[in-house]
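The structure appears below as structure tokens.
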There are 2 protein chains.
Amino acid sequence: MRLSGGVESALHCCVALTAADGPVPAARLAELHGVSATYLAKHLQALSRAGLMHSVQGKAGGYVLTRSPEEITVLDVVEAIEGPRSTFVCTEIRQRGPLAVSPDDCTVSCVIARTMTAADRAWRAALREVSIADLRSAVGEDHGVDVLARIGDWLRSPLP
Amino acid sequence: MRLSGGVESALHCCVALTAADGPVPAARLAELHGVSATYLAKHLQALSRAGLMHSVQGKAGGYVLTRSPEEITVLDVVEAIEGPRSTFVCTEIRQRGPLAVSPDDCTVSCVIARTMTAADRAWRAALREVSIADLRSAVGEDHGVDVLARIGDWLRSPLP
DNA sequence: TTGATTCGGACAACATCTATCCGAGTATTA
DNA sequence: TAATACTCGGATAGATGTTGTCCGAATCAA
């Protein structure tokens, strides 16, 4: 079970966008982070479809966060990229084979499904407690408070 | 991010093995659960490599749990099937691009990696708290206390 | 010694993730 | 107002990992 690599790029983009005032094109975000521009575009589209950011087309277009960084959680980004489906899908093995239990006796879900779902919920709860604003302030603590300002300046600077 | 479907089969097999006294062949476990025999064998091999069960070859061979059900956690089974790798891998995006931070300033791991790793730990902690013995007793509560006994009888009964 | 039965790893088919391209649409600008 | 340059968006190939299958090597019972 490996998380899609696009999640990492998407989270970095969200943090970077908090330092920008206007729309930022996907190509510029890709250059800033040193990742494939065309592939990053795919993930930004997913974030746009999920309503986390809003895209403006045309010459001075790009992506803008729709909500304030405090109101966007890491879980929002993960679910936008990975889809809302749970990590575990129960195939009802208990209802198969020679000793299958009848559907009438399956009012509660299978124990294994309950266990995996509980773990899934714990995972999601941990991701929901961290917002983009939290990430941004932590980046400031880790690498200096002016890092975000430098990113903002670079995003605003014209192309060579 | 979807969990391998083999995890579900493997957990059901572990519970069933607690009802058996001697070794149980993979083909029989597959028939009991109504899953592909050759594919289930692959997962049982993984459990064997991980040391959770021990295989005996020959005519009356099969698989046996090496430890008591209380000492095998759901996490043990998941890691045996999925491998020990974490769900998230950090590619150090912060060290790339025109505003890359120098490796000297990366004494702590990236915030995003810390967040994802914390969520991963919460997930694993939830899985570690449930043992195969817990699953077995829950199955008894859900479908009657004699279910495990019937499974044991079926496993011991000769082939037609 | 024979023989049947078992596990074990090597071999294809499928799905998903990764990466890329070109067309549709829009604000700028002359 | 019309041209234009720039943007997003979905449709299109390649790489990686998962699912499913097969047959040989080893083992124990008879």
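Below, chain A is the first sequence line, B the second, and so on; all start at residue 1.
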What is the nucleic acid contact for [X], judged by heavy atoms within less than 4.0 Å: base, sugar-phosphate only, or nothing?
X     : answer
B:S4  : sugar-phosphate
B:G6  : nothing
B:A26 : sugar-phosphate

Given atom [atom1] of [X] and atom [atom2] of [N], what is their separation to the nearest angstrom?
X     : N      : atom1 : atom2 : answer
B:Y39 : C:dC14 : OH    : P     : 15 Å
B:Q57 : C:dA4  : CD    : C1'   : 13 Å
A:I81 : C:dT16 : CD1   : P     : 17 Å
B:L40 : D:dT19 : CG    : P     : 13 Å
B:M1  : D:dG17 : CE    : C1'   : 16 Å
A:E31 : D:dT7  : CD    : C1'   : 16 Å
B:H54 : C:dT6  : NE2   : P     : 15 Å
B:H43 : D:dT21 : NE2   : C1'   : 13 Å

[Y]/[X] salt bridge by N-O under 4.0 Å criterion:
X      : Y      : value
B:D120 : B:R85  : no
B:R156 : B:D153 : yes
A:R94  : A:D105 : no

Choose from [options] the nucleotide whose nearest atom is closest to any side-chain atom of [X].
X     : options                : value
A:T38 : D:dA29, C:dC21, C:dT16 : C:dC21
B:K42 : D:dA5, D:dT19, C:dC17  : D:dT19
A:S55 : C:dT28, D:dC8, D:dG17  : D:dC8
B:R85 : D:dG9, D:dG17, C:dG9   : D:dG17

*Select from B:P25 and A:A41 the residue whose nearest nucleotide in DNA chain C is closer to the 5' end of that strand.*
B:P25
*Check whether any side-chain N or O of A:S36 sits under 4.0 Å from OP1 or OP2 of C:dT20, and answer yes or no.*
yes
*asked:* For a quick test of reading the model: is some side-chain N or O of B:R49 closer than 4.0 Å to OP1 or OP2 of C:dG8?
replied: no
*Check each of B:R128, B:R124, B:R67 against B:D76 using the salt bridge (charged side-chain N to carboxylate O under 4.0 Å, His left out) test, and report the only one that passes.*
B:R67
*Tell me which of B:G58 and A:V56 sits closer to the 5' end of DNA chain D, going by the nucleotide each one is nearest to.*
A:V56
*If you measure from CE on B:M116 to CD on A:E8, what distance do you get to the nearest 0.5 Å?*
9.5 Å
